[in-house]
Chemist: 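Structure incoming, see below.
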Amino acid sequence: METTESKFGEYVRRIQHFQEALSLMAWDLRTGAPKNGVEARAEAIGTLSDEVFALVTSERMGEFLTDLESRFDGLDSKTAALVRECRREFDRYRKIPRDRYRAFVVLTARAESVWEEARDRDDFALFRPYLEEIVAMTREFAEYWGYEKEPYDALLDPYEPGVRTADIDPLFAELKAETVRLVEAIADSGHRPNAAALIRPVTRETQREVCRWALETIGYDFSGGRLDDTAHPFQITLNPGDVRVTTRYDERDIRTALFSVLHEGGHALYEQGIDKELAGTPLYAGASLGIHESQSRFWENVVGRSRAFWQRYYGELRDRLGGGWDDVDLETFYAGINDIRPSLIRTEADEVTYNLHIFLRYDLERALVSGALAVRDLPGAWREKSRELLGIEPSRDAEGVLQDVHWASGSFGYFPTYTLGNVYAAQFREALDRDLGGLDPVLAAGDLARVRGWLRERVHRPGKQLAPLDVLARATGVDHPAAEPLVRYWRGKFVPLYRL
Ligand code: ZN
């Protein structure tokens with residue numbers, strides 16, 4: 001007999017099939033689809049997205065949810081989590097009048113292309129009216145969704161369920177003070193790594209091989225994925241057996257491709273590690289953006305920029321790079337991949353100063369949403385914050401307020417999840433260090449399977465069945481983001497490296 005549960009499961013699977021098509025189309029657009037087909041492709045994506053929206057918010061979905069919620073306590077845990085997740089999405093979209101949602105989709109699609117032009121021409125005025133409208137609509141949506149203390153909480157919640165500005169404020173304040181202190185101490189140390197030693201030509205073909213090797217080394221399963229070239233690296237999941245990674249190459253600097261592939265590879269290990277029982281549901285996903293980012297930062301920074309990892313693997317890397325690297329010893333390489341200095345562009349920042357870029361954006365976007373800051377004053381406010389936090393300021397808006405696409409896409413509330421990712425990663429590192437009886441010896445022995453196994457069981461497997469802070473609590477015993485593990489990790493690493 002067909003039960004409501006099985007019909008619901010089928011209905012949800014149907015939505016996932018549309019999502020898979022959408023993901024494949026998005027992947028294709030960013031990995032070499034011909035330029036002349038882009039416009040028609042965008043229309044096709046629009047049509048399928050409409051279809052997904054209709055399915056997620058349909059009367060039928062509403063009936064399923066009401067029925068299943070009426071006997072919620074009798075549901076198995078997977079179905080219960082699925083009902084919760086579908087309810088969240090259902091309410092989120094149903095609370096916005098359909099015509100306002102459409103207007104927002106059209107507005108942000110236009111704004112993204114205007115933003116690109118504005119950035120290329122270094123012309124904030126061109127983008128300004130679009131951003132003003134996006135901010136106004138964002139505030140309108142926050143009212144529909146509702147919040148307890150401030151509208152920004154309503155925007156943060158979909159990215160990081162259960163985390164509030166009240167959790168983030170003290171965390172960021174503490175980290176900000178520590179980061180500024182550390183960056184100053186490093187600048188004053190007079191000790192600089194010879195990063196220039198790593199700048200030398202490596203062909204794209206060689207780099208591609210190195211990236212495949214790096215992915216295999218950390219345990220990425222190529223029988224369930226692939227690696228492709230792109231302009232802005234990303235990881236995308238089509239289905240549990242098809243988890244893709246992309247990277248970009250700088251033929252003068254191996255670090256660009258190597259660390260972006262370790263980053264995206266970290267995201268991919270998460271996706272490949274989720275319980276396959278969750279396939280065909282929206283629970284086959286990360287618990288939140290912050291938890292997802294913790295996995296990429298873990299493999300990129302905690303592992304990929306550690307001395308222990310390269311003690312084991314630098315020889316292999318050097319062999320793969322061919323001749324011309326004999327004069328670069330382990331210590332030079334290790335110092336060169338840990339060059340800490342303030343810079344203007346977020347995506348190129350090192351692991352310490354990176355968070356300063358986030359604090360800047362968090363303060364500004366929150367002020368925009370609360371109405372304390374007007375869009376016309378944004379470029380000036382950006383420069384001022386940049387001077388205050390990084391000690392430098394952009395001479396062009398293209399390298400300042402116009403550098404990120406997020407605000408053009410209407411993604412307010414997204415930025416803090418990057419720093420939460422760094423924070424969670426350090427919390428996981430400490431728990432792992434404790435459970436394994438020392439992480440460094442395990443890395444130095446190349447026993448990455450043990451590290452991956454720990455992450456898989458404690459972080460990856462539950463997918464989106466658990467809220468981010470429940471994942472954190474389950475893995476570390478601490479149920480909130482905390483700054484201390486990150487600060488301790490930095491001290492342990494940078495005090496000896498920069499002889500502070
Ligand atoms: Zn990432």
Side-chain angles (χ1 to χ4, degrees), residues 23 26-27 30-31 156 158-161 163 168 211 214-215 218-220 225-238 243-250 255-274 284-305 337 343 345-359 361-362 403-407 409 411-429 451-452 455-456 459-460 463-464 468 471-472 481 486 489:
S23 298
W27 171 84
R30 296 174 66 181
T31 52
L156 182 60
Y159 299 123
E160 209 62 23
V163 176
I168 290 184
C211 285
L215 283 171
I218 66 171
Y220 174 75
R226 52 182 283 161
L227 172 65
D228 293 272
D229 299 6
T230 190
H232 303 283
F234 62 100
Q235 180 274 321
I236 196 164
T237 300
L238 304 189
V243 172
R244 303 186 182 192
V245 176
T246 63
T247 195
R248 72 190 171 96
Y249 302 94
D250 177 341
R255 288 176 298 179
T256 300
L258 183 58
F259 289 98
S260 98
V261 92
L262 285 172
H263 180 98
E264 303 307 334
H267 282 303
L269 288 185
Y270 190 177
E271 296 281 328
Q272 289 188 328
I274 297 171
Y284 198 98
S288 69
L289 287 186
I291 297 289
H292 227 304
E293 197 65 8
S294 78
Q295 297 308 291
S296 56
R297 305 276 166 154
F298 185 88
W299 289 97
E300 178 193 357
N301 294 329
V302 174
V303 174
R305 288 191 163 90
I337 60 174
S343 57
I345 306 295
R346 174 184 62 86
T347 55
E348 290 163 15
D350 59 75
E351 68 175 303
V352 178
T353 61
Y354 188 93
N355 298 300
L356 298 172
H357 293 264
I358 300 305
F359 304 148
R361 285 155 180 76
Y362 174 66
Q403 67 180 275
D404 298 308
V405 71
H406 301 60
W407 291 338
S409 314
S411 303
F412 285 81
Y414 191 122
F415 282 122
T417 67
Y418 291 116
T419 288
L420 285 171
N422 288 326
V423 168
Y424 296 149
Q427 291 183 273
F428 291 138
R429 192 198 72 90
V451 177
R452 207 166 51 246
L455 291 170
R456 193 147 280 185
V459 182
H460 302 169
K464 213 176 185 179
V471 174
L472 187 69
L486 182 55
Y489 156 67

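Computed from a predicted model, the values in this text were never measured in an experiment. Read the numbers this way: they start at 1 and go in the same order the structure lists the ligands and their atoms.
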Chemist: Considering residues, nucleotides and ligands other than Arg248, do more than 12 of their heavy atoms fall under 6.0 Å from its CZ?
Modeler: no

Chemist: Quick one: do the Glu271 and His292 side chains pair a donor with an acceptor below 3.5 Å?
Modeler: yes

Chemist: Classify the angle between the aromatic ring planes of Tyr418 and Tyr414 as parallel (below 30°), tilted (30 to 60°) or perpendicular (above 60°).
Modeler: tilted

Chemist: So if I apply the side-chain contact (heavy atoms from CB on, under 4.5 Å) rule between Pro233 and each of Thr347, Val261, Thr246, which one comes out positive?
Modeler: Thr246

Chemist: Are the side chain of Arg305 and the backbone of Ile337 linked by a donor-acceptor contact shorter than 3.5 Å?
Modeler: yes

Chemist: I need the protein N, O or S atoms closer than 2.8 Å to the Zn ion (ligand 1), given as residue plus atom name.
Modeler: His263 NE2, His267 NE2, Glu293 OE1

Chemist: Under a 3.5 Å cutoff, is there a donor and acceptor pairing between the side chains of Glu348 and Ser343?
Modeler: no

